[in-house]
Amino acid sequence: ALQDRIKEMETTLATMDSDKLTALETLQGEQLNRETEIKEHYEEQIENLKQVQIAAEREVHDLREKMESLESREQQLVDQHKEEMKKKMEEETTALQDRIKELEFQNELEVQKRKEKDNRLDGIRTVMENKLTSTISQLKNDQLNTESELMEFYDEKLEEAREKQ
């Protein structure tokens, strides 16, 4: 009976060992499946991240090209604006120089007119001075003649008065 009992226990132990082994194999299989799933999940995540990185690098590259294009366009606009401003300044400078020449010419004409007017006035003044001098000389001569005639008249009257006396 003890032998049977030992055999029975050995069978039970063998069954238990077999169950344990089966359970261990099942657990190992499940763990392997989980590890495979986790590995696949991480590999998928890594692949997704690689795709995101590639897309980001493409976008960065595109943005750099756009930025370079914008900078180039900005420089073109700045250069164009500078050229337009330079041209405008040259036009304004030319217009101002032309206006200065016109004003200088008008000023020269005015100066010439003033000189002519001054010369005419000087001529008129000279003529008037000559006439005045001539008139004064004539008046002095007339005065001297009148004084002389008066002196003669008074002398005659004095003579006559003396003779009557």
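- Taking CG of L96 as the reference point, atom CG of L103 lies at 10.5 Å (rounded to 0.5 Å).
- Going from atom CD of E163 over to atom CG of L158 covers 11.0 Å, rounded to the nearest 0.5 Å.
- Each of E40, R34, K39 was compared with T36 under the side-chain contact (heavy atoms from CB on, under 4.5 Å) criterion, and only E40 meets it.
- Residue M89 holds its CE atom at 14.5 Å from CD of E84, rounded to the nearest 0.5 Å.
- One finds a salt bridge joining E102 and R99 here, because a Lys/Arg side-chain nitrogen approaches an Asp/Glu carboxylate oxygen to under 4.0 Å.
- For the pair K82 and M85, the minimum side-chain heavy-atom distance is 4.5 Å or more.
- When only modelled atom types and interatomic distance are considered, E147 and Q143 share a side-chain donor-acceptor pair under 3.5 Å.
- For the side-chain contact (heavy atoms from CB on, under 4.5 Å) test with M128, the passing option among I124, N130, T126 is I124; the others fail.
- For CD of E65, the number of neighbouring non-hydrogen atoms (other residues, nucleotides, ligands) closer than 6.0 Å is greater than 12.
- With sequence neighbours excluded, the residues satisfying side-chain contact (heavy atoms from CB on, under 4.5 Å) with L150 are T146, Y154.
- Between the side chains of E35 and Q31, a donor-acceptor pair is found at a separation under 3.5 Å.
- With rounding to the nearest 0.5 Å, the separation of CG in L13 from CE in M16 is 6.5 Å.
- Q138 and D142 share a donor-acceptor pair across their side chains, judged by distance under 3.5 Å alone.
- The main-chain N or O of S18 is found under 3.5 Å from a side-chain atom of T22 such that the two form a donor-acceptor pair.
- Side chains of Q80 and Q76: no donor on one and acceptor on the other come within 3.5 Å.
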Result block: side-chain N/O donor-acceptor pairs under 3.5 angstrom for residues 46-59, not counting sequence neighbours:
residue: E47; atom: OE2; partner: Q51; partner atom: NE2; Å: 3.0
residue: N48; atom: ND2; partner: E44; partner atom: O; Å: 3.4
residue: Q53; atom: NE2; partner: E57; partner atom: OE2; Å: 3.3

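- N33 and E37 form no side-chain donor-acceptor contact under 3.5 Å, judged by distance and modelled atom types alone.
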Please test Q75 against D79 for side-chain hydrogen bond (donor to acceptor under 3.5 Å, both in side chains), starting from the C-alpha separation and ending with a verdict. CA-CA 6 Å; Q75 187 60 44; D79 292 345; 2.8 Å; yes
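- Taking 4.5 Å as the limit, every side-chain heavy atom of D155 sits out of range of all side-chain heavy atoms of E159.
- Across E90, Q97, E91, a single residue satisfies side-chain contact (heavy atoms from CB on, under 4.5 Å) together with T93, and that is Q97.
- Sorted by first and then second residue, the pairs that involve residues 115-140 and meet salt bridge (charged side-chain N to carboxylate O under 4.0 Å, His left out), not counting sequence neighbours, are D122-R125.
- For the atom pair E74 CD and M67 CE, the distance stands at 11.0 Å (nearest 0.5 Å).
- With rounding to the nearest 0.5 Å, the separation of OG1 in T15 from CG in L21 is 12.5 Å.
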